[in-house]
A.B. asks: 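My structure is below; once you've seen it, I'll send some questions.
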Amino acid sequence: ELTLDHVTKRFADGGGDIVAVDDVSADIDDGEFIVLVGPSGCGKSTTLRMIAGLESVTEGTITLDDQAINDRQPADRDIAMVFQSYALYPHMTVRENMSFGLEESTDMPDDEIDERVESAAGMMGIDRLLDRKPGELSGGQQQRVALGRAIVRDPAVFLMDEPLSNLDAKLRSQMRTELQRIQEDLGVTTVYVTHDQTEAMTMGDRIAILDDGRLQQVATPLEAYHEPANQFVAGFIGEPS
Ligand code: ATP
Ligand code: MG
């Protein structure tokens, strides 16, 4: 279980402070796919970055399986994050991109790493691309490699920040279905950030709606649609994407 307990993030900004995330509390169940939605600047990426350990927490506690992880280094959190810009290493092959993290941060034997890379590549449908370099791949293929690289680590939690937003509409809807299937197969707890209502409504077991750093509602898509907690949620859910 991943828990945010009164989590706040303030950024110093000249005289005043920006409150990017304002007293957010949420419990995310094991194996759950939760979608964090809200308008640009509402604090989605900052929330994910705090969970990943890429950003410090100003106030509050983040716990994973009842252990506070606020002070743990990103590599010690058992959490993998996938970004919109996938940041593959251009000079490495796909195989090397996928195995690099495990080689660096674990003492896992090479043959086990190979096995994991091949199984993740199979899941993402990129097994025939393992010897290519990122520059020889399409954008969609690169995104698959980035997702495969996260799967290889077999983390307790997946964090995804608009992972499909660089893809065209057709590929995006195909990847949505695939991602859901893989997430279900792996049973990995997933926090998925998007500002796309369709993605939120179709992918999430539950959706968490954020506005101006504040959590407005955490509910199943149907509950949020039929029983919005307030005007903001009603307007946001109702808007065409
Ligand atoms: P988008 O949908 O555009 O990606 P977001 O919901 O991910 O937006 P965040 O990136 O979390 O929003 O930003 C939340 C707020 O915090 C914004 O007002 C942003 O300007 C501010 N912010 C984010 N990072 C920093 C930083 N390093 N320093 C100062 N302010 C920041
Ligand atoms: Mg963002």
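Just so you know, ligand 1 is whichever comes first in the structure, and atom 1 is the first atom listed for that ligand. FYI, the numbering just counts along the sequence from 1. Quick caveat, the model's predicted, so the values are computed rather than measured.
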A.B. asks: Has S45 got an N, O or S atom lying less than 2.8 Å from the Mg ion (ligand 2)?
C.D. replies: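 A backbone or side-chain N, O or S atom of S45 is under 2.8 Å from the Mg ion (ligand 2).
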A.B. asks: Just checking Y89: does its OH atom have more than 12 heavy atoms from other residues, nucleotides or ligands closer to it than 6.0 angstrom?
C.D. replies: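 It does not: Y89 OH has 12 such atoms or fewer within range.
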A.B. asks: Report, as yes or no, whether the 6.0 Å neighbourhood of atom CG on D13 holds more than 12 heavy atoms from other residues, nucleotides or ligands.
C.D. replies: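 Yes, CG of D13 has more than 12 neighbouring heavy atoms, counting only those of other groups under 6.0 Å.
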A.B. asks: Can you see whether Q141 engages R132 through a side-chain donor-acceptor pair at a distance of less than 3.5 angstrom?
C.D. replies: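 Not at all, the side chains of Q141 and R132 share no donor-acceptor pair under 3.5 Å.
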A.B. asks: Without hydrogens or angle criteria, can the side chains of T8 and D23 be said to hold a donor-acceptor pair below 3.5 Å?
C.D. replies: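 The answer is no; no qualifying pair exists.
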A.B. asks: Apply side chain to side chain donor-acceptor pair (under 3.5 Å) to Q183 and Y192, showing your working.
C.D. replies: CA-CA 11 Å; Q183 189 270 344; Y192 186 99; over 6 Å; no
A.B. asks: With a 4.0 angstrom cut-off on heavy atoms, strictly below it, pick out the residues next to ligand 1 and order them by chain and number.
C.D. replies: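 Around ligand 1, where the cutoff is 4.0 Å for heavy atoms, the contacting residues are F11, I18, A20, P39, S40, G41, C42, G43, K44, S45, T46, E162.
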A.B. asks: Going by atom types only, do E162 and H195 share a side-chain donor-acceptor pair under 3.5 Å?
C.D. replies: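 On atom types as modelled, these side chains qualify, holding a pair under 3.5 Å.
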